[in-house]
Amino acid sequence: MDERLARELQEHVRKLYKQFRKDMPPLERASRSAVSVLGVVARDTHASDGVTPGVIADRLGMASSNVATALRELEDAGYIMRHRASNDGRRVVVSLTPVGVSAVASHRSLRANSLLDQIETVMTPEEQALLAAAIPLLGRLIAERNSDSPS
């Protein structure tokens with residue numbers, strides 16, 4: 001692979017991400033930025049009793065004021081709740097409510113099925129097999145990149 005192909009891959013991944021983000025219906029009573037915040041809460045909550053607003057801001061590269069706005073929106077819609085961390089009562093953490101868990105699962109299913117439909121419509125079975133073989137390779141790239149990131 002050369003630099004031109006690497007740039008082409010990067011551009012295709014970016015366009016695919018943007019296309020699916022644009023094509024997905026937003027969650028009821030939640031802006032697209034709030035849905036991004038909800039995704040971080042969903043990914044990070046399972047490992048602990050919640051995630052701090054600061055961690056959310058870092059993960060998304062958002063200003064803390066924008067995260068606070070999104071959290072209010074999500075809390076008002078019943079997707080998240082804020083509470084004191086069990087290991088440090090001074091810290092406030094955010095976690096999903098049962099409504100939030102259901103909404104995230106439904107949204108992820110919609111996205112996956114939309115992608116699957118597009119793959120099955122556009123690609124031959126042989127092309128689908130090639131794409132399937134590339135998935136673990138992309139996962140290795142992500143894992144390596146994440147291990148290089150400062151914590």
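Remember, it's a predicted structure, so these values are computed and weren't measured experimentally.
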(message) According to a hydrophobic-cluster definition based on side-chain heavy atoms being under 4.5 Å apart (Ile, Leu, Val, Met, Phe, Trp, Tyr only), do Val94 and Val101 belong together?
(response) yes
(request) Please report the shortest heavy-atom distance between Val51 and Val55, naming the atom on each side. (result) CG2-CG1, 3.5 Å
(message) With a 4.5 Å cut-off on side-chain heavy-atom distances among I, L, V, M, F, W and Y, is there a chain of contacts connecting Val99 to Val40?
(response) yes
(request) Give a yes or no on whether Leu116 and Met123 share a hydrophobic cluster (residues Ile, Leu, Val, Met, Phe, Trp, Tyr; joining criterion: side-chain heavy atoms under 4.5 Å apart). (result) no
(request) Kindly compute the distance separating CG (Leu71) from CD1 (Ile80), expressed to the nearest 0.5 Å. (result) 4.5 Å
(message) How close do Arg108 and Gly39 get, counting heavy atoms only, and between which atoms?
(response) NH2-O, 4.1 Å
(message) Using 0.5 Å steps for rounding, measure from the CD atom of Glu73 to the OH atom of Tyr79.
(response) 9.5 Å
(message) Please determine whether the number of non-hydrogen atoms from other residues, nucleotides or ligands lying under 6.0 Å from atom CD of Glu11 exceeds 12.
(response) yes
(request) Please test Val13 against Leu138 for side chain to side chain contact (heavy atoms under 4.5 Å, CB included), starting from the C-alpha separation and ending with a verdict. (result) CA-CA 11 Å; Val13 169; Leu138 293 171; 5.8 Å; no
(request) Could you tell me the separation between the CD atom of Glu120 and the CG atom of Asn113, rounded to the nearest 0.5 Å? (result) 9.5 Å
(message) Do His83 and Val92 make a side-chain contact, defined as non-hydrogen atoms from C-beta onward lying under 4.5 Å apart?
(response) no
(message) Among residues at least two apart in sequence or on other chains, which ones pass side chain to side chain contact (heavy atoms under 4.5 Å, CB included) with Arg140?
(response) Leu137
(message) By the side-chain hydrogen bond (donor to acceptor under 3.5 Å, both in side chains) test, which pairs, at least two apart or in different chains, include something from residues 57-67?
(response) Asp44-Arg59
(request) Look at the side-chain heavy atoms of Ile, Leu, Val, Met, Phe, Trp and Tyr, link any pair under 4.5 Å apart, and say whether Val93 and Val37 land in one connected group. (result) no
(request) Could you tell me whether the side chain of Val41 reaches within less than 4.5 Å of the side chain of Ile56, counting heavy atoms only? (result) yes
(request) Report the distance from atom CZ of Arg14 to atom CD of Gln19, rounding to the nearest 0.5 Å. (result) 12.0 Å
(message) Are Met81 and Val104 connected into the same hydrophobic cluster when the rule is that any two of I, L, V, M, F, W, Y join if their side-chain heavy atoms are below 4.5 Å apart?
(response) no
(request) Measure across Ala70 and Ala34 and return the closest heavy-atom pair with its distance rounded to 0.1 Å. (result) CB-CA, 3.8 Å
(message) Just verifying a value: how many Å separate Ser33 OG and Leu74 CG, rounded to the nearest 0.5 Å?
(response) 8.5 Å
(request) Could you verify whether a donor N or O on one side chain and an acceptor N or O on the other, from Ser114 and Arg111, lie under 3.5 Å apart? (result) no
(request) Using atom types as modelled and distance alone, determine if a side-chain donor or acceptor of Ser106 lies under 3.5 Å from a backbone N or O of Ser102. (result) no
(message) Once salt bridge (charged side-chain N to carboxylate O under 4.0 Å, His left out) is applied, what residue pairs with a partner in residues 75-93 remain, sequence neighbours excluded?
(response) Glu75-Arg82, Asp88-Arg90
(message) Distance check, rounded to the nearest 0.5 Å: Leu9 atom CG versus Arg4 atom CZ?
(response) 12.0 Å
